[in-house]
Amino acid sequence: MAKQMSSTTKDVLKCVLVLVAIALVAGILLGVVNKFTYVDVNAVMLTSLSEKFDVAQSSVKSDNSYIYNKSEDSYVERCYVVYKEVDGAATDEIEALVYLVVGSGAYSGSVEMLYTVKDGKIADLEVYSHSETSGIGTKVLKQENLNKYKGIDLSSITNYNIAGGSDAKGDTVYVSGATRTTRGVLNSLRALAYCYNTYVAREAAGE
């Protein structure tokens with residue numbers, strides 16, 4: 001009987017060792033794959049913005065000190081500062097602030113938007129990422145519709161409620177049949193306005 005139990009124990013130990021070996025090999029392989037497939041999103045963004053603004057990459061900085069968020073599902077994830085250049089060298093003067101903002105309330109959860117802000121106004125915006133339905137929610141995300149937001153003065157937005165259905169300025173920005181996607185974009189705009197306006201107010205107060 002003792003001999004039989006010893007044999008069973010050996011079988012169990014063998015199984016455990018085999019499973020441990022498989023786990024180790026899988027872990028090593030996963031680490032190798034991650035090493036060769038890892039993408040530094042922040043580095044990619046810095047390169048993209050340097051090309052967009054035609055400045056050296058050293059003139060674009062990731063700076064989260066500009067970020068102030070409410071406790072909401074919509075929020076500013078990152079902020080990039082683009083500095084003006086003189087003779088190819090960066091100055092202390094800001095060319096633009098570029099915000100990556102997550103807007104909640106869309107049909108598939110949220111949309112991620114990139115906003116370029118100059119002198120407190122939206123100079124440009126584009127979709128960074130989304131999972132909205134093609135042909136429906138994507139109507140809202142077409143550039144010709146997003147262009148309606150250009151020129152909005154962020155100081156004019158005082159409704160920071162990240163739940164409402166009304167637009168942020170009064171212009172007609174809704175697309176028929178895709179109100180939830182529109183809400184996601186508008187919520188990103190509200191989150192941006194809160195973030196930017198809070199920063200400006202704190203700077204004015206010397207905080």
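Note that the numbering runs from 1 along the sequence shown for the chain. All values reported here derive from a predicted model rather than from experimental measurement.
- Contact check for Leu186 versus Tyr149: side-chain heavy atoms found under the 4.5 Å cut-off.
- A distance of 11.5 Å separates OG in Ser74 from CG in Leu192, rounded to the nearest 0.5 Å.
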Working for side-chain contact (heavy atoms from CB on, under 4.5 Å), residues Leu189 and Ile157: CA-CA 9 Å; Leu189 176 58; Ile157 301 174; 3.8 Å; yes

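- Between Thr116 and Leu125 there is no side-chain heavy-atom pair separated by less than 4.5 Å.
- Atom NZ of Lys84 sits about 7.5 Å away from atom OG1 of Thr91, to the nearest 0.5 Å.
- Between Val55 and Val60, some side-chain heavy-atom pair lies under the 4.5 Å cut-off.
- Using a 4.5 Å cut-off on side-chain heavy atoms (C-beta onward), Arg190 and Lys70 make no contact.
- Counting only N and O atoms by type, the side chains of Asn42 and Tyr80 include a donor and acceptor under 3.5 Å apart.
- With 3.5 Å as the limit, one finds a donor-acceptor pair spanning the side chains of Thr47 and Gln57.
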Can you check side-chain contact (heavy atoms from CB on, under 4.5 Å) on Leu97 and Val82, steps first, answer last? CA-CA 6 Å; Leu97 297 173; Val82 182; over 6 Å; no

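- Residue-environment remark: CG (Asn64) exceeds the threshold of 12 foreign heavy atoms within 6.0 Å.
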Would you sort out whether Met113 and Tyr128 count as a side-chain contact (heavy atoms from CB on, under 4.5 Å), showing the intermediate values? CA-CA 5 Å; Met113 305 292 299; Tyr128 180 77; over 6 Å; no

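- Atom CZ of Arg78 is separated from atom CG of Leu114 by 8.5 Å, given to the nearest 0.5 angstrom.
- The NZ atom of Lys148 sits 12.5 Å away from the CD atom of Gln143 when rounded to the nearest 0.5 Å.
- Counting only N and O atoms by type, the side chains of Ser188 and Tyr115 include a donor and acceptor under 3.5 Å apart.
- Both Tyr99 and Val185 are assigned to one and the same hydrophobic cluster, defined by single-linkage of ILVMFWY side chains at heavy-atom distances under 4.5 Å.
- A distance of 7.5 Å separates CG in Asp124 from CG in Asn147, rounded to the nearest 0.5 Å.
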Go through it in stages, so that I can follow the logic: the residues are Glu85 and Glu95, the test is side-chain contact (heavy atoms from CB on, under 4.5 Å), and I'd like the CA-CA distance, side-chain angles, deciding distance and then a yes or no. CA-CA 9 Å; Glu85 290 184 342; Glu95 170 74 19; over 6 Å; no

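- Side-chain contact between Asn197 and Tyr68: absent, with no pair of heavy atoms (C-beta onward) separated by less than 4.5 Å.
- In this structure the side chain of Val102 reaches within 4.5 angstrom of the side chain of Ser110, judged on heavy atoms.
- Cluster annotation: Met45 and Tyr75 are assigned to distinct hydrophobic clusters (Ile/Leu/Val/Met/Phe/Trp/Tyr, side-chain heavy-atom contacts under 4.5 Å, transitive).
- Both Leu24 and Val16 are members of a single hydrophobic cluster when ILVMFWY side chains are connected at heavy-atom separations under 4.5 Å.
- How far SG of Cys195 is from CG of Asn69: 5.5 Å, rounded to the nearest 0.5 Å.
- One hydrophobic cluster holds both Tyr196 and Ile152 under the rule that ILVMFWY side chains link at heavy-atom gaps under 4.5 Å.
- Just one of Val117, Val200, Asp119 meets the side-chain contact (heavy atoms from CB on, under 4.5 Å) condition when paired with Leu154; it is Val117.
- Counting all heavy atoms, side chain and backbone alike, Val76 lies closest to Ala191 at CG2-O, 4.0 Å.
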